[in-house]
Asks: 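For reference, the structure I am asking about is given below.
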There are 2 protein chains.
Amino acid sequence: MLINGLPGDSISASDRGLAYGDGLYRTLEARHGTPLLWHWQWQRLAADCAQLRLPCPDEALLLREIASVAAELERAVVKIVLTRGGGQRGYAMPDGCSPTRIVSASAWGGYPAERAAQGIVARWCDTRLALQPLLAGVKHLNRLENVFARSEWRDPAIAEGLMLDMAGSVVEGTMSNLFIVRGGELLTPPLDRCGVSGAMRASVLDAAANLAIPARVVRLLPDEVLAADEAFVCNSLAGIWPLRQLHTRHWHDWPLTRHLQLALQGGS
Amino acid sequence: MLINGLPGDSISASDRGLAYGDGLYRTLEARHGTPLLWHWQWQRLAADCAQLRLPCPDEALLLREIASVAAELERAVVKIVLTRGGGQRGYAMPDGCSPTRIVSASAWGGYPAERAAQGIVARWCDTRLALQPLLAGVKHLNRLENVFARSEWRDPAIAEGLMLDMAGSVVEGTMSNLFIVRGGELLTPPLDRCGVSGAMRASVLDAAANLAIPARVVRLLPDEVLAADEAFVCNSLAGIWPLRQLHTRHWHDWPLTRHLQLALQGGS
């Protein structure tokens with residue numbers, strides 16, 4: 001682990017990342033120190049920094065630090081955390097912010113391969129996402145809603161929970177973005193009021209464009225998800241997991257989802 | 001500063017308090033190591049632990065740690081932070097949670113006395129509080145809304161900003177709770193959908209009951225605050241600050257507010 005470029009494993013107990021969740025993060029896969037989906041990760045990181053008014057670190061510096069922590073690992077989970085650092089007591093953003101940058105890696109065997117191959121069982125979460133356009137889309141450090149949603153079930157046969165917003169629209173999984181297929185069209189919810197805009201979501205939308213698959217960002221109700229021809233969740237570590245079961249609905253084949261899985265193989 | 005009872009000033013960079021804002025805090029005043037308003041602080045801390053499903057620390061232990069960090073200081077700001085500690089990667093609350101407990105103190109000269117004496121200038125914030133009943137009232141570590149609201153102004157003549165929720169009701173200040181007086185009655189907004197339930201708010205409601213001042217928890221619209229006979233904000237460090245000006249409204253005397261200020265003098 002590197003803290004502001006130096007080996008370490010702790011941060012100041014006064015850091016605003018701890019005090020207020022005043023920061024953001026990304027989780028990604030690296031192979032021998034090379035991050036996958038970097039184009040999208042970097043794009044999202046830079047956008048999130050802008051939305052939180054955090055200074056964005058230098059891209060080449062981040063890549064060097066990822067290589068440094070993950071080089072020895074064939075396959076690693078890399079986590080980047082950026083916070084607004086220290087500063088005087090109180091909520092106000094400090095003048096002359098000195099951000100804290102944490103880059104860490106751990107060896108990773110990958111998720112069970114059958115999730116991508118045979119699909120997963122998902123559930124509906126009771127925990128709703130609050131509507132907050134100011135923070136929507138950002139992978140910030142205020143994640144108590146996700147913690148509560150993920151704590152609704154312990155059954156390891158359930159791989160993901162889907163979350164609605166307070167207005168009743170389906171938004172995403174606790175740790176993934178959601179897509180459905182309807183009449184040959186790829187649909188995914190907007191992330192303008194809540195939710196996290198993931199790098200894999202961006203990559204899927206890009207792949208769909210390259211494959212001339214029509215795709216649209218549109219609000220979805222639970223019944224529309226249950227009635228979909230196909231549905232899948234995705235994130236940078238999981239890739240694409242087709243939904244095999246959600247509530248009473250079962251799916252058995254996923255032709256368009258398979259097409260996207262194949263197109264994204266290789267991952268970057 | 002004590003971290004889990006031991007002198008220190010840093011925490012693990014993998015702590016869930018940093019990763020997800022998965023924890024809570026209290027800020028309070030201590031005199032020679034004795035915390036003020038402790039009855040209410042402890043009540044709120046215990047309630048917040050229950051709402052976040054965090055193990056609540058032993059009260060006597062906390063009091064010993066506060067005394068230890070603040071004993072040498074005539075007047076100190078004490079901060080208590082409790083997090084869900086470490087644990088495996090991912091949002092799920094870990095089995096056998098080992099919380100992190102941070103108790104720190106710093107010397108403090110108090111806020112300028114004229115704020116309580118002559119009242120303050122407050123403003124309306126554009127940043128709205130999202131509606132999330134699951135977390136409402138808790139002083140948790142997901143505080144980006146407060147950070148954004150407090151960053152809307154830099155004019156030091158403005159002491160506080162008042163925040164509305166997404167539904168348009170007035171909830172609180174960025175770092176304080178709000179009361180108004182209307183027709184001899186004390187009114188304060190409910191904190192059932194958002195906001196922080198402060199120890200001083202509880203203490204004010206208790207004082208009002210003791211003084212036989214009628215008090216009610218009721219949703220308030222901005223126009224009702226502007227039309228109030230008196231208005232004040234309060235927190236554990238500030239005590240009670242009457243509002244002298246809000247937007248176009250000016251107040252010049254605060255008979256019931258003064259009554260409460262006097263009743264609460266002594267502070268515990």
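Only a predicted model underlies this, so the values are computations on that prediction, with no experimental measurement involved. Letters A, B, ... are given to chains in the order of the sequence lines, protein chains preceding strands, and every chain is numbered from 1.
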Asks: Select all residues of residues 154-168 of chain A having any heavy atom within less than 4.5 Å of some heavy atom of chain B, and report them by number, or 'none'.
Replies: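 So far as heavy atoms go, A:Arg154, A:Met166 are the residues that approach chain B to under 4.5 Å.
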Asks: Check whether A:Thr83 gets within reach of chain B through its side chain, its backbone, both or neither, counting any heavy atom under 4.5 Å.
Replies: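 Interface part for A:Thr83: side chain.
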Asks: Give me the contact list for residues 134-144 of chain B versus chain A, heavy atoms only, anything under 4.5 Å, ordered by residue number.
Replies: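 If one takes a 4.5 Å heavy-atom cut-off, the residues of residues 134-144 of chain B near chain A are B:Leu134, B:Leu135, B:Lys139, B:His140, B:Leu141, B:Asn142, B:Arg143, B:Leu144.
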Asks: Output the option from B:Gly90, B:Ser12, B:Ala13 having the highest count of non-hydrogen pairs under 4.5 Å with chain A.
Replies: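 The residue among B:Gly90, B:Ser12, B:Ala13 with the greatest pair count is B:Ala13.
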Asks: Mind ranking B:Ile102, B:Leu131, B:Val81 by heavy-atom pairs under 4.5 Å with chain A and telling me who comes out on top?
Replies: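 With the most close heavy-atom pairs to chain A, the winner is B:Leu131.
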Asks: Could you have a look at A:Gly8, A:Gly23, A:Ala19 and say which one has the most heavy-atom pairs with chain B under 4.5 angstrom?
Replies: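 The answer is A:Ala19.
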Asks: Out of B:Leu129, B:Thr127, B:Asp95, return the one with the most heavy atom pairs under 4.5 angstrom to chain A.
Replies: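 So the answer, after comparing B:Leu129, B:Thr127, B:Asp95, is B:Asp95.
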Asks: Working to the nearest 0.5 Å, report the span between OH of A:Tyr20 and OH of B:Tyr25.
Replies: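 One finds 5.5 Å between OH of A:Tyr20 and OH of B:Tyr25.
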Asks: Measure A:Asp9 against the heavy atoms of chain B and call it side chain, backbone, both or neither at under 4.5 Å.
Replies: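 Only the backbone of A:Asp9 comes within 4.5 Å of chain B.
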Asks: Hey, could you give me the OG/CZ distance between B:Ser151 and A:Arg53, rounded to the nearest 0.5 Å?
Replies: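 Atom-to-atom, B:Ser151:OG and A:Arg53:CZ are 6.0 Å apart.
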Asks: Quick check for you: among A:Cys194, A:Ala149, A:Gly21, which has the greatest number of heavy-atom pairs under 4.5 Å with chain B?
Replies: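 Heavy-atom pair counts peak at A:Gly21.
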Asks: Of all of A:Thr27, A:Thr100, A:Ile3, A:Leu52, which one pairs up most often with chain B through heavy atoms under 4.5 Å apart?
Replies: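 Maximum pair count with chain B is reached by A:Leu52.
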Asks: Output the distance between atom CG (B:Leu18) and atom OG (A:Ser10), rounded to the nearest 0.5 Å.
Replies: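 Rounded to the nearest 0.5 Å, the CG-OG separation comes to 11.5 Å.
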Asks: Please classify the contact between A:Leu24 and chain B as side chain, backbone, both or neither, with a heavy-atom cut-off of under 4.5 Å.
Replies: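 The answer is neither part of A:Leu24.
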Asks: Just verifying a value: how many Å separate A:Tyr91 OH and B:Glu145 CD, rounded to the nearest 0.5 Å?
Replies: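 Rounded to the nearest 0.5 Å, the OH-CD separation comes out at 10.5 Å.
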Asks: Return the CZ to CD distance between B:Arg128 and A:Gln132, rounded to the nearest 0.5 Å.
Replies: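 The CD atom of A:Gln132 is 10.5 Å from CZ of B:Arg128, to the nearest 0.5 Å.
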Asks: Could you tell me which non-hydrogen atom of B:Met1 sits nearest to which non-hydrogen atom of A:Ser14, and how far apart they are?
Replies: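 Result for this residue pair: CE-OG, 3.9 Å.
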